[in-house]
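Single-structure report; data block below.
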Protein chains: 2
Amino acid sequence: MTPRSRPNDDELSDCPTPPRRPTIVDVARAAGVSTAVVSYTLNGRSGVSATTRERVLRVADELGWRPATAARSLRSGPAAAALVVVHDQPFGTRAAFPLDLVSGALQTLGPDTLTLALHVAESPAGAALLMDRWWTERRYAAFVVTGVRVDDARLAALRTLPAPTVVVGAAADGGPPTWRHVVLDDGEAFTQLGAFLADLGHRRIAMVAGSESLVAPVRRAAALEAALVRHGIQLRTVAGDGPERASAALRPLLSAADRPTAIVTDDDATAGLVLDVARRLGLGVPWDLSIVAGTDSPACYLTTPSLTAVPYPVEELGRATGWALRAVLGTATSRRAVGADPVGGVDPPSGAVPVGRLVVRGSTAPPAGD
Amino acid sequence: MTPRSRPNDDELSDCPTPPRRPTIVDVARAAGVSTAVVSYTLNGRSGVSATTRERVLRVADELGWRPATAARSLRSGPAAAALVVVHDQPFGTRAAFPLDLVSGALQTLGPDTLTLALHVAESPAGAALLMDRWWTERRYAAFVVTGVRVDDARLAALRTLPAPTVVVGAAADGGPPTWRHVVLDDGEAFTQLGAFLADLGHRRIAMVAGSESLVAPVRRAAALEAALVRHGIQLRTVAGDGPERASAALRPLLSAADRPTAIVTDDDATAGLVLDVARRLGLGVPWDLSIVAGTDSPACYLTTPSLTAVPYPVEELGRATGWALRAVLGTATSRRAVGADPVGGVDPPSGAVPVGRLVVRGSTAPPAGD
DNA sequence: TTGAAAGCGTTACCAT
DNA sequence: ATGGTAACGCTTTCAA
């Protein structure tokens with residue numbers, strides 16, 4: 001019943017060596033069938049009688065058989081995708097984004113279907129280089145790109161490979177047919193935010209913009225500006241990329257006679273900074289100044305007062321990314337079909353991921369003179 | 001000169017299909033040598049004449065040859081390690097830790113040598129399951145474990161596999177010979193912190209502890225307590241795992257008549273919370289209350305006043321992790337030798353990673369009655 | 001329904 | 001110094 005471990009195994013030294021993992025050859029021998037039958041069975045394909053299938057599965061289980069990734073990849077191509085995170089600036093508060101995104105993606109990707117690995121690169125160009133290398137080495141079957149830059153070296157590289165790609169948070173279209181876009185409807189959210197501030201009575205509004213090399217912050221600022229214009233308000237924008245630049249810009253802005261009564265930031269950390277600068281200048285929040293963080297996070301309710309913020313549904317973005325990943329691997333010149341059943345909710349991949357309604361906390365109020 | 005792409009390629013449909021990547025067979029044919037010579041050349045092994053080597057390298061480069069990961073792994077075992085991050089609670093402020101750690105590890109790991117992938121699991125048990133699976137599937141050659149729990153399912157699993165493992169931030173020893181420990185000398189740092197506070201004149205000191213299921217926070221609290229005992233001070237400790245528990249514990253603590261004059265936290269976010277609660281209670285920081293964050297981060301100088309903090313050298317921890325990874329893969333029943341040259345600094349892997357001196361900012365001062 | 005055998009791309013051993 | 005070739009573990013025709 002117990003098969004000999006290997007035919008060409010030397011008899012002497014099998015005690016100290018760790019026992020070889022069983023292969024389908026072992027399973028086939030133990031089950032008294034050929035390897036083809038085992039392969040068919042283990043991949044759930046038709047053409048195997050029920051009794052044989054059951055016996056093979058039982059034997060495989062008893063032997064503790066597990067597929068060897070490398071052998072499988074050699075024939076069928078890799079069954080993994082990668083997200084290469086660009087580690088430009090030291091990670092700020094939003095640094096958990098990639099981890100949360102992957103966490104969300106796992107909810108729509110079964111753990112068996114397709115695995116999503118995270119890697120780190122120093123720059124977009126470095127990330128592009130890695131993806132190029134890993135694609136030609138057939139290490140990954142697809143890639144996920146987040147934090148898209150204005151002229152992004154990664155997208156340029158992926159376009160020429162061309163590898164199945166999921167682009168998160170950039171434009172809703174473009175790229176080869178093997179690309180999918182996951183978009184966040186933050187334009188809509190910032191439009192609503194504009195209306196919210198205008199309705200509160202604010203007329204002098206400023207935005208501390210995020211990095212102007214990043215696509216999403218630019219889009220968000222534009223959406224807010226457009227919304228305010230519809231209320232006859234002109235948005236003042238100051239550069240806010242990094243704490244130094246932000247506080248340098250904030251001090252004169254908040255000291256001036258016609259200082260804004262409301263300030264919107266692109267991220268949560270900068271909103272905290274605004275709060276700090278305001279306090280140093282003796283401005284009461286929210287009475288003298290309203291503050292809105294453009295990206296909600298746990299840090300937003302740690303401050304005094306807590307910060308009104310635009311939600312940032314990273315997990316849902318991740319779920320959508322999972323769907324998109326299955327889509328590109330279905331579409332693409334893919335080397336292996338993705339598994340059947342989705343794991344998480346039954347959401348079919350719809351349009352943009354909705355942001356949801358502004359989270360109003362203590363940092364916003366009507367302007368003082370109202 | 002240009003070799004035919006494949007011998008058994010059908011002649012008709014090679015326009016639309018993406019051209020096959022060249023293999024060493026192609027290189028061998030083009031260079032007029034055998035695949036063995038090509039393999040030896042590309043792996044930089046001796047036994048190939050200089051002229052042949054040069055020709056082979058040139059041809060391989062012209063053809064754009066890249067090794068196929070799967071084929072290589074099939075023979076030599078995987079050349080990648082994985083860090084499975086446990087995503088218990090939503091990632092807070094320290095969430096960037098894994099990313100920064102990997103970033104540091106890349107500095108001692110060449111990109112070609114060994115790649116380090118990041119994955120996410122829902123729980124320690126889930127992570128253990130994944131690592132078990134991926135080890136038996138021969139997907140990864142080694143694993144990195146961070147954020148070690150008191151009874152950690154991951155370590156138990158890794159011990160039985162047994163897989164080469166790098167344990168970051170737990171005890172300095174233990175485990176099979178294929179394990180390496182990367183330890184942070186935060187015990188020393190917290191000892192110094194105790195002396196610092198005592199020297200300032202503080203006598204009533206409290207610590208808002210981190211999660212008691214995590215090894216590192218427990219050790220840090222113990223170090224502080226021991227240091228203070230040597231100064232005749234008894235440390236009061238309150239549970240601080242999560243913002244809710246922390247603020248629930250802080251309010252009565254800071255309202256009491258014998259409230260502490262100094263508070264130490266385990267992490268940065270909790271320190272911000274302490275600052276907030278103190279402010280609401282009308283306590284001036286640092287005059288009425290000194291605050292020290294047990295983990296420095298960019299958030300620590302965003303507050304008013306900025307927070308005195310214990311440094312947290314994650315990148316250096318990462319570099320040490322890189323070294324440890326090379327060590328376990330040298331030691332282990334490893335399936336492939338790790339590459340030769342370290343990339344970053346020439347640091348030989350010494351003892352514990354030093355934390356460095358306390359970063360004194362605005363949140364600490366002698367107690368009021370002094 | 002099942003078996004035999006040909007790959008997949010690379011490495012390593014044994015001849016030459 | 002170089003060539004031939006057998007693994008590595010799995011998938012997938014093609015026959016039986």
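Below, chain A is the first sequence line, B the second, and so on; all start at residue 1. Values below: all heavy atoms of this structure, side chains included; hydrogens, waters and symmetry mates excluded.
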Measure from [atom1] on [X] to [atom2] on [N] and round the result to the nearest Å.
X: B:R45; N: D:dT2; atom1: CZ; atom2: C1'; answer: 14 Å
X: B:L74; N: D:dT11; atom1: CG; atom2: C1'; answer: 13 Å
X: A:I24; N: D:dC8; atom1: CD1; atom2: P; answer: 13 Å
X: A:N43; N: D:dG9; atom1: CG; atom2: C1'; answer: 13 Å
X: B:E137; N: D:dC10; atom1: CD; atom2: P; answer: 10 Å
X: A:L42; N: D:dT12; atom1: CG; atom2: P; answer: 13 Å
X: A:R21; N: D:dC8; atom1: CZ; atom2: P; answer: 16 Å
X: B:R138; N: D:dA7; atom1: CZ; atom2: C1'; answer: 14 Å

Please identify each residue that fulfils side-chain contact (heavy atoms from CB on, under 4.5 Å) with A:S39, with sequence neighbours left out. A:N43
Tell me every residue that passes side-chain contact (heavy atoms from CB on, under 4.5 Å) with A:A127, counting only those two or more places apart in sequence or in another chain. A:V84, A:V86, A:A121, A:R154
Under the ring-ring contact (aromatic ring centres under 6.0 Å, His included) test, which residues partner A:W134, sequence neighbours left out? A:H119, A:Y140
What is the nucleic acid contact for B:S39, judged by heavy atoms within less than 4.0 Å: base, sugar-phosphate only, or nothing? base
Salt bridge (Lys or Arg N to Asp or Glu O under 4.0 Å) partners of A:R159, counting only residues at least two apart: none
What residues, two or more places apart in sequence or in another chain, satisfy salt bridge (Lys or Arg N to Asp or Glu O under 4.0 Å) together with A:E122? none
Pairwise N/O distances under 3.5 Å, protein to nucleotides 1-4 of chain C:
| residue | atom | partner | partner atom | Å |
| --- | --- | --- | --- | --- |
| C:dT2 | OP1 | A:S49 | OG | 3.4 |
| C:dT2 | OP1 | A:T52 | OG1 | 2.6 |
| C:dT2 | OP2 | A:S49 | N | 3.1 |
| C:dT2 | OP2 | A:S49 | OG | 3.4 |
| C:dT2 | OP2 | A:T52 | OG1 | 3.2 |
| C:dG3 | OP2 | A:S34 | N | 2.7 |
| C:dG3 | OP2 | A:S34 | OG | 3.4 |

Is B:R72 near enough to D:dC8 that one of its side-chain N or O atoms lies under 4.0 angstrom from OP1 or OP2? no
Compare side-chain N and O positions of A:W65 against OP1 and OP2 of D:dC10 and report whether any pair is under 4.0 Å apart. yes
Mind checking whether B:L158 and B:M131 have side chains closer than 4.5 Å, heavy atoms only? yes
Close side-chain approach of A:I24 to A:L42, heavy-atom, < 4.5 Å: yes
Using the salt bridge (charged side-chain N to carboxylate O under 4.0 Å, His left out) rule, collect all pairs that involve residues 31-56 of chain B, keeping only residues at least two apart or in two chains. none
Look at the side chain of B:R75 and the base of D:dA7, then say whether one donor and one acceptor between them are separated by less than 3.5 Å. yes
Based on the rotation axes of five pairs at each end, what angle does the helix from C:dT1-D:dA16 to C:dT16-D:dA1 bend through, to 10°? 40°
Show which side-chain atoms of residues 60-69 of chain B pair as donor or acceptor with protein atoms under 3.5 Å away, not counting sequence neighbours.
| residue | atom | partner | partner atom | Å |
| --- | --- | --- | --- | --- |
| B:E62 | OE2 | B:R58 | NH1 | 3.4 |
| B:R66 | NH1 | A:E137 | OE2 | 3.1 |
| B:T69 | OG1 | A:E137 | O | 2.8 |

